[in-house]
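Below is one structure, written out as structure tokens; comments come after it.
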Amino acid sequence: GRGGNGDNANANTSGADDGNVSHKHNANTDGSIPNGAVKGIMAPALAVAAVAFVLYTNTLDGGFVYDDARGVVANPDVIGGGPYSNMLTNDFWGVPMDLSKSHKSYRPLTVLTFRLNHDASPPPSPGEPLDPFGFHLVNVALHAIVSAMVVVLCATLGYAMSTSTVAGLLFAVHSIHTEAVANIVGRAEVLCALFFLAAILLYCKQMSVEGRGQSGLVWRVGVAVCTLAAMLAKEQGLMVVGVCAALDVVVYCGMTPVEALRAIATGLSPATSTRRVAAGLRSRIGFLAAVGAVLLGGRVYMMQGASPTFNPLELPAAFHPSALVRTLTLNYYVVFNVQLLVLPYRLCNDWAFGSIPLVKTVSDPRVALILFLYAALAFSIWTLFFKKSKLPPAKQRQGDQPGSLSLRTELAIAVIFLVIPFIPASNLLFRVGFVVAERILYLPSLGYCLMVASLLHRLSTHSKLSAHAVGLVVLALLAWRTWTRNNEWHSDFSIHEAAVRDNPANIKVVTNFGLLQHNRARDMNLPQGQRDDWAKKAEGTYLKALAMNKHYSAAGFDLGNLYYEQGRLDEAVKVFQQALEKSDYTKTPMKILTNLATIMYKTNKLDEAEAYFKASIEIDPGHLPALNGLGSLYGSQKRFEESSAMFRQALKLHPGYVEGHFNYGTLLYTMGQLDEAEKEFKLALKLKPGHPGATNNLKVIDYARQHGKT
């Protein structure tokens, strides 16, 4: 609700002499806004939506970028055509939640929208990729809707029309949102925000209806449904119950947290004449607690009793053995997030590995930033939420329109939106799968936008020209950065090129950029000269990554592959072996072992090849290239039984493995088992029509039969 009148019959805010009433915020037990305000807010809301949509039109011709490959293009729940019910038991990436390799991110509602996008898109021609246009269009439309909802929500809470509009514009153009909107899998954030804000709007209506003594059951059901939807879009959505509770206490009841706890515990409001307010608060907070507990219990159940497995190389602070280093660095990440909100110029799609150096000692200058941030936050919370105002309610209303809030209440609401949605992603309460991720600031940024809009509004009361000038400059700079950042999200190459430029200390993005250059060197549609140039650039980028850490297996793997493709086998072996010198938590060493085995096999060093293949299979008994390679090696040595065992193991684990069927068929033909070989070749052709090797070998079998061979 908005800040209300002091003479409301349900909330005594007139200033009792006994000192039991807090006037920190102006209470309102109606919670509604005038019809004129509702009608008046729609025009600026639609204008803000239009700004948001137009600003992101340069993402519509973008491709599937970065995590889109795994979250959309290769997600079986999106493109596999399987039953929709699979989304209820699989994680965000299409992996069953009960498997140890599952990421445990449960967002079936977001995946459902991807599936609907896919099913509504025109089927691609054979050999053509899926068209990303419709996916991007939905993301942009959702962001426009959320931006409009920000305007409506601000007005509902009691912000002045001008403040609501500016807050919506800031939210629409803020550059921190580019990852959430331009990257298709970022839809989880935007969809979550849509239902998050819808839940708050319905909760405001619930407070309004119940404040008039009417039943709010329908609105409570709506709040619960929207909360569930927000959580099924992104886990962060559950925090809406905390935001609703805080807004109830601060804006609707006008209480301090201590007074609210007393009212909930005793059923008595700060003044005895406001018992009805306390009873209503107890009921509403109880409802929110019940919704939160049920949904949290369901979410924990979906974890299947296991936590996700993270790579310590990507999360150096979270896995650091020193408690001091962990504590200092994880808290510095909070400072870093604030810096991104305030100055979103240096952006990156990946802040892992060495992007943010560890804070190892208390003498590190960054510790001062940590202390300053928490001191400012503590002072703000004390001043805005706990310290009693010396002004009567009428003096607290400083807005330029009826029902507008005091600056103090506006800033309190901003802090609520800034802090509460950020808590799950802060890395402080539990380990999350990233160091810093710009997309998770999509919701918390609303608090920052509210804060800036409120301060600009107060500045306008002293100098409208100054406020307008500052506001226009801020909006223009944010819009410019958003537009340019959208262009960087156009393709994998462009986003990694920007990442290497702005975050050169991240060995992962440097290596990935080298691989993208390497892929251009492999492009047979390019002239040989250009391919050679790209190969040289890729080699230089890989070497740059290995200069940071010579044992980084991904860089060693990719550089070794480049050398192998160029016929520089000795250099490839040297790089591969160097990458294996230090243990790795990824499966890249397994791939390196397989590649080493392949080189040894091709250079007729069969004993070494066998050892490398076996070492790779020991890491992962289902690694197809190793099983296939070892089967082929045994076949070349006429160790037919061992060879057959390898191929059968591979095909048992992966019946759709085309090359496995082809190679096994070739082995069976060599062993004189033509009927069995024919079956394998036909299976290969069924899985991959036109397979040249299988087609040719079937002709060979027919020829053999015609000439009396069995």
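These figures come from a predicted structure and were not determined experimentally.
By the 30° and 60° cut-offs, the orientation of the rings of Phe353 relative to Tyr552 is perpendicular. Between Phe114 and Phe135, the ring planes lie tilted relative to each other; the angle falls in the 30° to 60° range. The aromatic rings of Tyr345 and Trp480 lie parallel to each other, their planes meeting at an angle below 30°, with 60° marking the opposite boundary.
The closest donor-acceptor contact from the side chain of His490 to the backbone of Asp61 lies under 3.5 Å. Side chain of Ser102 to main chain of Asp98: no donor-acceptor pair is present (N/O by atom type, distance under 3.5 Å, no hydrogens or angles). Looking only at distances, no side-chain donor or acceptor of His623 sits under 3.5 Å from a matching main-chain atom of Lys591. Under a 3.5 Å cut-off, the side chain of Asp91 and the backbone N or O of Met97 do not form any donor-acceptor pair. Looking only at distances, a side-chain donor or acceptor of Tyr106 sits under 3.5 Å from a matching main-chain atom of Leu88. When atom types are taken as modelled, the side chain of Asp492 and the backbone of Tyr66 share a donor-acceptor pair closer than 3.5 angstrom.
Environment of NZ in Lys508: crowded, with over 12 heavy atoms of neighbouring residues, nucleotides or ligands closer than 6.0 Å.
Each of Asp350, Asp502, Asn503 was compared with Ser355 under the side-chain hydrogen bond (donor to acceptor under 3.5 Å, both in side chains) criterion, and only Asn503 meets it.
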Evaluate the side-chain hydrogen bond (donor to acceptor under 3.5 Å, both in side chains) criterion for residues His174 and Tyr448: first the C-alpha distance (whole Å), next the side-chain angles of each, then the deciding distance (0.1 Å), finally the verdict.
CA-CA 10 Å; His174 202 298; Tyr448 174 73; 5.4 Å; no
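Inspection of the His518 and Tyr542 side chains reveals an N or O donor paired with an N or O acceptor under 3.5 Å.
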